[in-house]
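Below you'll find the structure, written out as structure tokens, and then a few comments.
Just so you know, these numbers use all the heavy atoms, side chains as well, and skip hydrogens, waters and symmetry mates. Labels below follow one simple rule: chain letters A, B, ... track the order of the sequence lines, proteins then strands, and each chain is numbered from 1. Since the model is a prediction, treat every value here as computed from it, not as a measurement.
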There are 2 protein chains.
Amino acid sequence: MAELSYSSVGWTAARLARHVEVALAPLDLSPAQYRMLVQIARGTDASSSLAQKLAVSAPSVTAVVDVLVQRGAVERAHSAEDRRRIALALTDDGRSLLGAAEEALRERIQAIADELADEGLVSDAIGALSLWGEALDRSRARRHGERVNTAGPPP
Amino acid sequence: MAELSYSSVGWTAARLARHVEVALAPLDLSPAQYRMLVQIARGTDASSSLAQKLAVSAPSVTAVVDVLVQRGAVERAHSAEDRRRIALALTDDGRSLLGAAEEALRERIQAIADELADEGLVSDAIGALSLWGEALDRSRARRHGERVNTAGPPP
DNA sequence: TATTGTTATACTCTATAACTATA
DNA sequence: TATAGTTATAGAGTATAACAATA
């Protein structure tokens with residue numbers, strides 16, 4: 001007999017997390033590097049705010065960016081106005097690496113969803129990820145005191 | 001204006017992965033340790049099959065179990081029949097640690113979902129995780145040639 | 001003084017390759 | 001020989017504490 005289907009929300013999230021690692025591994029990319037690429041691609045300012053957005057320490061940002069710079073995916077440049085700040089930008093290689101990562105993740109996640117019984121459930125599952133994306137955006141906005149685009153101004 | 005809402009499925013999954021790490025950190029537990037506890041709690045046989053189920057190498061299993069044993073959460077015992085095999089079991093401390101981990105994850109994930117606009121969407125999001133749990137079960141079953149409990153025998 | 005980012009250090013997870021013990 | 005598990009080794013991510021450079 002197969003195992004009893006045990007599925008706490010935590011277990012499901014933790015399993016998905018491992019699938020992310022495995023999907024990115026062939027690109028020689030860690031989840032931390034992938035998240036960093038995404039944030040830099042979004043034009044995020046500088047190291048300090050990256051640490052906050054990625055929920056990691058400042059030295060972690062340095063370490064992850066170091067590897068990406070060494071690989072030629074990211075470039076550092078001292079800001080002219082405030083020489084303490086270091087602007088980060090993707091190189092062309094970085095952009096194509098990010099594109100490959102997105103595709104690898106999309107494929108793996110789609111393949112998992114495709115195991116569901118019918119196409120309706122598959123769309124439900126994929127659609128729910130957008131819902132989670134929105135929830136994550138709002139959660140981050142609350143933590144950082146930012147504003148969410150779909151919400152009106154606070155009272 | 002807030003950032004454009006960018007939400008590839010990969011990005012969403014990778015962000016959730018980081019939330020799992022952060023939720024477990026106060027318990028001094030890594031996602032890898034959590035996944036191992038869950039598998040051992042389910043009575044999984046031995047090291048080799050754990051590696052397959054967790055999609056990691058055999059030495060990784062050794063390393064993760066080492067830490068859990070040192071912490072008193074897991075016990076190793078040589079099998080009597082085949083002395084190469086090592087049976088793994090949770091201690092009482094391990095069980096309560098796992099319980100605390102489940103609760104920490106549940107709380108964090110629920111808090112994220114609660115950011116959604118209305119209760120209907122919140123239930124949708126939480127419900128969808130069960131769907132993903134099922135998809136993950138089926139996906140694993142296919143990879144390992146096992147049988148899924150809801151499916152009949154193959155033709 | 002305060003802020004930005006890095007260096008120093010230590011620990012865990014990961015993998016591959018080589019090894020030991022058992023079958 | 002083959003299998004189960006560990007040891008050896010190396011690289012990456014993480015954190016805290018201490019430091020450098022700039023404001």
Side-chain angles (χ1 to χ4, degrees), chain A residues 14-15 17-37 39-40 44-71 73-88 101, chain B residues 14-15 17-37 39-40 44-71 73-88 101:
Chain A
R15 289 172 85 186
R18 179 62 186 153
H19 278 274
V20 170
E21 291 179 354
V22 170
L24 293 174
L27 302 173
D28 242 323
L29 202 66
S30 68
Q33 289 168 356
Y34 164 72
R35 289 188 292 255
M36 187 66 73
L37 287 179
Q39 283 301 341
I40 295 175
T44 298
D45 356 45
S47 208
S48 51
S49 76
L50 286 174
Q52 189 185 38
K53 291 188 176 168
L54 296 173
V56 297
S57 66
S60 282
V61 172
T62 299
V64 172
V65 169
D66 274 348
V67 175
L68 291 171
V69 166
Q70 213 165 0
R71 183 177 181 161
V74 168
E75 283 175 337
R76 283 190 175 102
H78 276 275
S79 159
E81 302 124 10
D82 183 341
R83 290 188 45 73
R84 289 173 304 179
R85 283 197 135 84
I86 303 218
L88 298 171
Chain B
R15 289 172 83 186
R18 179 61 186 154
H19 279 274
V20 170
E21 290 180 354
V22 171
L24 293 175
L27 302 173
D28 241 324
L29 202 66
S30 68
Q33 289 167 358
Y34 165 71
R35 288 188 293 255
M36 187 65 72
L37 287 180
Q39 283 301 341
I40 295 176
T44 298
D45 355 46
S47 208
S48 50
S49 76
L50 286 174
Q52 189 186 38
K53 291 187 176 170
L54 296 172
V56 297
S57 65
S60 281
V61 172
T62 299
V64 172
V65 170
D66 273 349
V67 175
L68 291 172
V69 167
Q70 212 167 1
R71 183 177 182 162
V74 168
E75 283 175 335
R76 283 189 175 104
H78 277 276
S79 159
E81 301 124 12
D82 183 341
R83 290 187 45 73
R84 290 174 304 181
R85 281 198 137 86
I86 303 219
L88 297 170

Most 5' of A/Ala80 and B/Ser48 on DNA chain D, judged by nearest nucleotide: B/Ser48

message: Under a 3.5 Å distance rule, please check whether A/Arg18 uses its side chain to pair with a backbone N or O of B/Ala55 as donor and acceptor.
response: yes

message: How many whole angstroms separate atom CG of B/Asp66 from atom P of D/dT6?
response: 7 Å

Closest listed nucleotide, where the reference is the side chain of B/Asp82 and the choices are D/dA12, C/dT14, C/dT22: C/dT22

message: Under the criterion side-chain contact (heavy atoms from CB on, under 4.5 Å), I'd like the reasoning laid out for B/Ile86 against B/Ser47: C-alpha separation, chi angles, the key distance, then a yes or no.
response: CA-CA 7 Å; B/Ile86 303 219; B/Ser47 208; 5.8 Å; no

message: In this structure, how many angstroms lie between the C1' atom of C/dT20 and the CD1 atom of B/Ile86, rounded?
response: 12 Å

query: About how many Å separate NE2 of A/His19 and CD of A/Glu21, when rounded to the nearest 0.5 Å?
result: 11.0 Å

query: How many Å lie between CG on A/Leu24 and C1' on D/dG11, as a whole number?
result: 17 Å

query: Shortest non-hydrogen contact from B/Val64 to B/Gln33?
result: CG1-CA, 3.9 Å

- request: First locate atom CG of A/Leu68, then atom CE of A/Met36, and finally report the distance between them rounded to the nearest 0.5 Å.
  value: 7.0 Å

- request: Could you check how far CE of A/Met36 sits from C1' of C/dG5, rounded to whole Å?
  value: 13 Å

- prompt: Any idea which of D/dA15, C/dG5, C/dT14 is nearest the A/Val56 side chain?
  reply: D/dA15

query: Which of these nucleotides, C/dT12, C/dT22, D/dT16, is closest to any side-chain atom of A/Pro59?
result: D/dT16

statement: So CG of A/Leu88 and CD of A/Glu75: to nearest 0.5 Å the spacing works out to 10.5 Å

- request: Measure the distance from NE2 on A/His78 to C1' on D/dA21 and round it to the nearest whole Å.
  value: 9 Å

- prompt: With a 4.0 Å cut-off on heavy atoms, is B/Gln70 in touch with a base, just the backbone sugar-phosphate, or nothing at all?
  reply: nothing

message: What's B/Ser60 touching, base or sugar-phosphate or nothing? Going by heavy atoms closer than 4.0 Å.
response: base

field: OP1 or OP2 of C/dT6 under 4.0 Å from side-chain N/O of A/Arg76
entry: yes

field: From D/dT6, D/dT14, C/dT22, nucleotide with atom closest to B/Arg83 side chain
entry: C/dT22

message: Heavy-atom nearest nucleotide on DNA chain C for A/Val61 versus A/Glu21: which residue maps closer to 5'?
response: A/Val61

query: Does D/dG13 have OP1 or OP2 sitting under 4.0 Å from an N or O in the side chain of A/Gln33?
result: yes

- prompt: Atom CG of B/Leu88 and atom P of D/dA4: how far apart are they, to the nearest Å?
  reply: 14 Å

message: Rounded to whole Å, how long is the line connecting atom CZ of B/Arg85 with atom P of D/dA2?
response: 18 Å

message: Applying a 4.0 Å non-hydrogen cut-off, can you work out what A/Ala32 is touching in the nucleic acid: base, sugar-phosphate, or nothing?
response: sugar-phosphate

message: I want to verify a distance call: between C/dT14, C/dT16, D/dT22, whose nearest atom is closest to the A/Arg84 side chain?
response: D/dT22

field: Selected nucleotide, minimal atom distance to A/Ser47 side chain, candidates D/dT14, D/dT6, C/dG5
entry: C/dG5

- request: Can you figure out which of C/dT6, C/dT16, D/dG13 approaches the side chain of B/Ser57 most closely?
  value: C/dT16

- line: Atom OH of B/Tyr34 and atom C1' of C/dC13 are separated, to the nearest Å, by 18 Å

- prompt: Is there a side-chain polar atom (N or O) of B/Ser30 under 4.0 Å from OP1 or OP2 of C/dC13?
  reply: yes

